[in-house]
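Right, one structure below, let's go through it.
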Amino acid sequence: MPFTAWWSRVDAQTLRADAAAALLGAVVVIPQGIAFATLAGLPPQYGLYCAMVPTAVAALFGSSWHAVTGPTNAVSLFVLATVSPLAAPGSPQYVSHVLTLAFLSGAIMLALGLLRLGRLVNFVSHTVVLGFTAGAATLIVASQLGNFFGVPIAPGSAFVATLRQFVEALPDVQPFVVATGAVTLAAGLLCRRLAPRLPYMIVALVAGGVAAWGFDAWFGAERTGIRTLGALPGAMPPLSAPQLSADAVKALLGAALGVTVLSLTEAMSIARAIALRSGQRLDANQEFVGQGLANLAASFFSGYPVSASFNRSALAYEAGARTPLAAALSAPMLAALLLFVGPLLAHLPVAAMAALLFMVAGGLVDLRAMRAVWRASRSESAVMWLTFAATLAMNLEVAVLAGVTLSLLAYLNRTSRPQIRAMAPDPRHRERRFAPVAQGLAECPQLKIVAVEGSLYFGAVDHFESHMDTLREVAREQRHLLVLARNVNFVDLAGAEALAREARTRRAAGGALWIQGLRQPAEDVMRRSGALEEIGPEHVWREKREAIAHVFERLDRAVCARCRARIFEECGRLAPPV
C-alpha cells in the first residue's frame, strides 16, 4: 500500500495544490481522451473512461508523485495496429479484444513488478532522460501548432511532416485563433511571474476563454474561426469483463507482450523525467505494480491499455501537484466535469489548450543540465543529442530504447579500454607515494610498474594484452612487472587468464609478474580459475611497501650496481653506483 508512505504529507496546503492540478488534468484529458480513443479505433468515451478508474489506481499503487496514467498516443496506435487485423475497429468483438488485451498486459506488468524486475529501468541513464525530455517537449509543441494557429495539420503526423504541413499552411493562419492562444499564454506567464500563489494555468484558461468569447461576440464566430471542444459524453464507465478464452488469449498474448514493453518503457521514462525535476527517488518495482493494476482496472471499467501521459504528468508537476492525490482526484473531477459542467467545457477554446501545453513544454527542457552534460563528456553529449533526435524521428519508446542502446555502447567502449599508466615513487613526497612517470619521474631499469584503473573482463582483455605487448617491446630490460590493481573493480575468467598468460610470458623472459592491491572478489575469481596458482600466491601482495621489498630481492644486483635512478628506499642499502 504505497499511498501510506505519502499520506502523512497531505495537509490543507498540499490538498489545495493537488486539487488545482487535478482540475487542470481533468480538463486537459477531455480532448486528449476523445482523440486517443478515436485513434485506437474505439468509441470516444473509452478514452475518458481510461482517465478515471485506471488513473486513480495507478496513482495510489505506483511510486511516482507526479506521473499521471491514462490514454496515450503511442499505446492507442499500437492497439489499433495489433487488434484491427482481428476485428473491425469499433465493433463489439473489437472492444472485447481490447479489454482482453488490457487484462493480459496488466497481468504481465503486475507479475514483473512482483518479481522485482524493475531494476531493468536502471539502464535508462540520466543523459537519456534529458534528451528524451527535450525531444518530448518539442513534440508537444509541434503537436499543438495546428491548434494554436488555427491551421489544419493531420493528427499523428511525424515531426518533420508536421513542420512541413505547418509551413505550407502559414498563409491560412487564423488571426483570432492566434490571438486567443496568445492571450492564454501571456496570462499564464504573467500570473506565474507576478502572482505565483495563484493556479496560473487555470487563470490562463479562463483568460483564453473570455478572450474567445469576446472575439466571437464582437466579430462573429464565422469570422473568428475559433474552435472549441464541443459537446462531451456524460456517461460514467460501465463495468466490463475481458474475454479470457484460450483462443482469445492465444491471439492476443503476443500483442500483450508488446503493449507491456511499450507501456512500461513510456511510463518509466516519463516518471524518471519528472522525478529528475522534482528530486524524487522512484521505486521501479512499485511503478510496475501500479501500471499493472491500472491496466487490469481498465479491462473491468470499459477502458483499454494505458500508460503514463507525458502531457498530463508534466502538467501536474508544473501546476504544483505535491502528492499522487492530484492524479487520484482528477478521476472524480473528470466525472463531475462530464456530468455537471460539460456544457460549459464545450466552449473552451482549443487554442487555449494548445497555449497551456506550450507552457508545459517550456518547463520541461532543463537547459542548465544539458549544458553541464555538454561541457562534461563528449560521449554523453552524443547520447543526449541522439536520443533527442530519435525522439523527434521515432516513437517515444523506440527513442528511449535507442538512447539506452547508445548509453550501453558508450559504456562498453569506455570499460573495454581500462586506463594503464606507468608509475614510480615520487622523491618529492615524504612518503614517496607513487605518481605517473609522465610527470618526469625516473623508473627502475629492471621493474616496470603500472597502475590499472578499470575492470579486466572479456571486453577489456584485448586492450590490456596489446598494452602489455607494447611494454615488452619498448622496455625489453624491464623483465619484471608490478601491476597496481587497487582500482581494478572486477576480474572475470578472461581477465584472470590474461594475467596468467602475462605471468608465463614474463617468466619465460627471465622476469616475473607481481600484483599488488587486488580486491578480494577479484582474487577469489583468480583462485577458482587456477590463474592465481599459475602466477604464484607469493607474487600477490596487499601493500605496496611489502611488494616492492619482495621484488627488490629478486632484481639483478649487477644491474643495480650501475643504476643511477635508485628510486626505492631499499636502493639506499646498496653501494654507490659504479
Does any donor atom in the side chain of Tyr304 or Ser76 lie under 3.5 Å from an acceptor atom in the other side chain? yes
Note: Arg573-Glu553 ion pair, threshold 4.0 Å (strictly below): yes
Give the ring-plane orientation class for His467 versus His463, where under 30° counts as parallel, over 60° as perpendicular and anything between as tilted. tilted
Between the main-chain N or O of Asp366 and the side-chain N or O of Arg371, is there a donor-acceptor pair closer than 3.5 Å? no
Any donor-acceptor N/O pair, His66 side chain to Ala321 backbone, under 3.5 Å: yes
Flag this pair as yes if the NZ/CZ of Arg9 is under 6.0 angstrom from the six-membered ring centre of Trp65 and inside a 45 degree cone about the axis; otherwise no. yes
Please enumerate all residues that pass side-chain hydrogen bond (donor to acceptor under 3.5 Å, both in side chains) together with Ser299, with sequence neighbours excluded. none
Quick one: is the NZ or CZ of Arg557 closer than 6.0 Å to the six-membered ring centre of Phe552, and within 45° of its axis? yes
Considering all heavy atoms of both residues, which atom of Val383 and which atom of Thr387 are nearest to each other, and what is their separation? O-OG1, 2.7 Å
Any donor and acceptor pair, going by atom type alone, linking the side chain of Glu287 with main-chain N or O of Ser63 inside 3.5 Å? yes
Taking the side chain as every heavy atom from C-beta outward, state whether Thr127 and Ser407 have any atom pair closer than 4.5 Å. no
Side-chain contact, heavy-atom cut-off 4.5 Å: Arg472 with Arg506? yes
Euclidean distance, Phe288 CZ relative to Met268 CE, rounded to 0.5 Å: 6.0 Å
Donor-acceptor list for residues 449-459 side chains, cut-off 3.5 Å, not counting sequence neighbours:
| from | atom 1 | to | atom 2 | distance (Å) |
| --- | --- | --- | --- | --- |
| Glu453 | OE2 | Arg421 | NH2 | 2.8 |
| Tyr457 | OH | Thr415 | OG1 | 2.7 |

Polar side chain donor-acceptor pair, Gln520 to Asp524, under 3.5 angstrom: yes
CZ/Arg554 to CG/Leu447 distance, rounded to the nearest 0.5 angstrom? 12.5 Å
One pair to check against side-chain contact (heavy atoms from CB on, under 4.5 Å): Leu325 and Trp7. What are the steps and the verdict? CA-CA 9 Å; Leu325 196 60; Trp7 188 256; 4.0 Å; yes
Residues that Phe78 engages under ring pair (Phe, Tyr, Trp, His ring centres under 6.0 Å), provided they are two or more places apart: none
dist Ile270:CD1 -> Thr69:OG1 (nearest 0.5 Å) comes out at 8.5 Å
Atom pair CG/OG1 of Leu257 and Thr82 - distance to nearest 0.5 Å: 11.5 Å
Could you check whether any side-chain N or O of Ser263 sits under 3.5 Å from a backbone N or O of Val306, counting only pairs where one atom can act as donor and the other as acceptor? yes
Between Glu318 and Arg277, does any NZ, NE, NH1 or NH2 come within less than 4.0 Å of an OD or OE carboxylate oxygen? no
For the backbone of Val68 and the side chain of Ser313, can you confirm whether one donor and one acceptor N or O come within less than 3.5 Å of each other? yes
Any donor and acceptor pair, going by atom type alone, linking the side chain of Thr14 with main-chain N or O of Asp11 inside 3.5 Å? yes
Basic-acidic side-chain contact under 4.0 Å: Arg542, Glu523: yes
Which pairs with one or both residues in residues 439-449 pass salt bridge (Lys or Arg N to Asp or Glu O under 4.0 Å), sequence neighbours excluded? Glu443-Lys448
With no hydrogens and no angle check, is any side-chain donor or acceptor of Asp18 less than 3.5 Å from a backbone partner on Arg322? yes
Taking the side chain from His550 and the backbone from His539, do they hold a donor-acceptor pair closer than 3.5 Å? no
If I take atom OG1 from residue Thr162 and atom CG from residue Leu139, how far apart are they, to the nearest 0.5 angstrom? 8.5 Å
Using modelled atom types only, decide if a donor and an acceptor are shared between the side chain of Gln446 and the backbone of Asp556 within a distance under 3.5 Å. yes
Judged by atom type as modelled, is there a donor-acceptor pair below 3.5 Å linking the side chain of Asn285 to the main-chain atoms of Leu117? yes
Test of understanding: with side chain to side chain contact (heavy atoms under 4.5 Å, CB included), list the residues that count as partners of Ala531, not counting sequence neighbours. Ala496, Ala500, Met526, Ser529
State plainly whether the residues Arg414 and Glu380 are in salt-bridge range, i.e. N to O under 4.0 Å. yes
Contacts of Gln439 that satisfy side chain to side chain contact (heavy atoms under 4.5 Å, CB included) - sequence neighbours left out: Arg428, Ala435, Pro436
